[in-house]
Amino acid sequence: MYFPFIISKQFDIDALNEIDLKYYQKFIPVLIPTDIKNCKKNIAKLAAKNIKFVLVLNCGKKNYPTMKEVVDNFINDVLSEYENYSLAYVIKESTRKVQIERYLKAFPNFEKSLIHQFEFIDTSYIKGLNNIEYNFYNIKFIDDNYINETSNNNTVLINDGFNKQKRNVDYPKQSDFLSKYYNYKKNNIIGFGDYTIIGDGDSTGFAAFAVALHLTVIKKPNILIYHFTSDDKDGQKNIGRKYLYAVGELIKFVDKNKIFNTSGIDGFRNNFDTKHYPGLGIAKKYSIKNHIEQIVNVI
């Protein structure tokens, strides 16, 4: 099973909402709530289509909702009549045993998972928790010994495989995307996950000098990201021209190579055919859709 971690912003959630339901047989999105007002609207879209997901309660990032805010605004509000989701609690350096116990005792009607961003000192306690749906391990912070000492045949390995650059012009033509998709079924691992082509961090939100489009391509056993980048002339002006150049390069690449077609590629192709610039948020949506559909197609 594939578990893409998704920041619950508009275009990220729109990507999930537009993916054909047949793909959901092999993937479950893990949703990280952002700002309350817009995030409630976005997550409600998934609930309206009865899409299963995992809701992260305590992301802990700056300016993100607290656990209480997530409970009040999602579990007890917009999702109060929705049942097709489960919960996840992030273990951080500051996490104490009493906090985990409090989480496990709350919300008795929900399956619960743990996201290990830090190696909890009492491994025997974690190992003894036989009511955990998934143990998500961020392998950037967690080693194999800790996994072996804490998992109960419910391991999901999470890796931020996207090599994010500070400037769009700095992307190479191609980069490797580190993933456990090819051999995750070994050693009692039941799933794998990533942060798609966004990475485990926030985009700045500033206007770009150059446009970079990211296209995920599977060449077993590797996942590759092809980057189609415009020039950075004219500063932050003429973004539409830059986008159409980049999307033209992307479509030329797709047409020259055997690549599984996705709804994300269809979106890029439509823009190319109509010479339409939809905005960079839509382009991000296309890349997320392509990434998820490419991976689901090979697992």
Side-chain angles (χ1 to χ4, degrees), residues 4 6-20 34-35 38 41-42 45 160-177 194-219 223-295 297:
I6 302 291
I7 304 294
S8 300
K9 296 181 178 180
Q10 177 186 344
F11 295 110
D12 307 61
I13 295 296
D14 284 349
L16 296 177
N17 201 41
E18 293 176 12
I19 290 174
D20 193 295
T34 52
D35 64 292
N38 291 324
K41 295 178 182 178
N42 295 335
K45 297 176 185 178
D160 181 8
F162 185 67
N163 187 15
K164 194 175 184 68
Q165 302 295 319
K166 290 183 179 180
R167 303 186 308 163
N168 284 343
V169 292
D170 293 334
Y171 281 103
K173 291 184 178 180
Q174 172 192 319
S175 61
D176 293 327
F177 185 93
D194 57 38
Y195 294 85
T196 72
I197 50 81
I198 304 301
D200 183 16
D202 295 321
S203 58
T204 61
F206 297 116
F209 285 79
V211 171
L213 304 179
H214 311 296
L215 185 74
T216 303
V217 176
I218 310 293
K219 292 186 178 180
I223 299 179
L224 303 175
I225 308 293
Y226 289 87
H227 309 280
F228 303 91
T229 308
S230 74
D231 62 66
D232 61 349
K233 297 176 181 177
D234 306 323
Q236 296 175 346
K237 298 178 181 179
N238 296 319
I239 297 298
R241 173 188 66 79
K242 296 174 181 178
Y243 173 78
L244 291 176
Y245 170 81
V247 82
E249 294 299 299
L250 184 152
I251 294 301
K252 281 194 289 186
F253 174 83
V254 168
D255 288 344
K256 288 181 181 179
N257 295 273
K258 275 191 171 183
I259 298 173
F260 173 70
N261 193 57
T262 65
S263 63
I265 291 176
D266 285 342
F268 284 127
R269 186 177 297 280
N270 179 262
N271 292 164
F272 173 74
D273 290 341
T274 61
K275 300 297 183 286
H276 172 62
Y277 169 54
L280 295 180
I282 298 292
K284 177 180 73 167
K285 177 182 72 173
Y286 295 157
S287 288
I288 293 173
K289 290 168 67 177
N290 176 69
H291 182 86
I292 293 174
E293 292 176 15
Q294 293 287 356
I295 290 177
N297 180 58

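- Put simply, the side chain of Tyr171 does not reach to within 4.5 Å of the side chain of Asn163, judged on heavy atoms.
- By the 4.5 Å heavy-atom criterion applied to side chains, Glu18 and Lys285 are counted as neighbours.
- More than 12 heavy atoms of other residues, nucleotides or ligands sit less than 6.0 Å from atom OH of Tyr277.
- Within the 3.5 Å criterion, the main-chain N or O of Phe209 finds a donor-acceptor partner in the side chain of Lys242.
- Ring geometry for His214 versus His227: interplanar angle over 60°, hence perpendicular rather than tilted (30 to 60°).
- With hydrogens and angles disregarded, a donor-acceptor distance shorter than 3.5 Å links the side chain of Asn42 to the backbone of Asn38.
- With sequence neighbours excluded, the residues that form a side chain to side chain donor-acceptor pair (under 3.5 Å) with Thr262 are Asn290.
- Contacts of Lys45 classified as salt bridge (Lys or Arg N to Asp or Glu O under 4.0 Å), with partners at least two apart in sequence or in another chain: Asp14.
- The closest side-chain heavy-atom distance from Ile218 to Ile295 is below 4.5 Å.
- Among residues two or more places apart in sequence or in another chain, the salt bridge (Lys or Arg N to Asp or Glu O under 4.0 Å) test is passed with Asp12 by Lys284.
- Applying the salt bridge (Lys or Arg N to Asp or Glu O under 4.0 Å) rule to Asp170 yields the partners Arg167; only residues at least two apart in sequence or on another chain are considered.
- Between Leu224 and Asp176 the shortest side-chain heavy-atom distance falls below 4.5 Å.
- Listed by first and then second residue, the salt bridge (charged side-chain N to carboxylate O under 4.0 Å, His left out) pairs that reach into residues 249-260 are Glu249-Lys252, Asp255-Arg269, sequence neighbours excluded.
- Between Tyr286 and Phe268, the angle of the ring planes goes over 60°, which puts this pair in the perpendicular group of the 30/60° scheme.
- Qualifying ring-ring contact (aromatic ring centres under 6.0 Å, His included) partners for Phe253, counting only residues two or more places apart in sequence or in other chains: Tyr226, Phe228.
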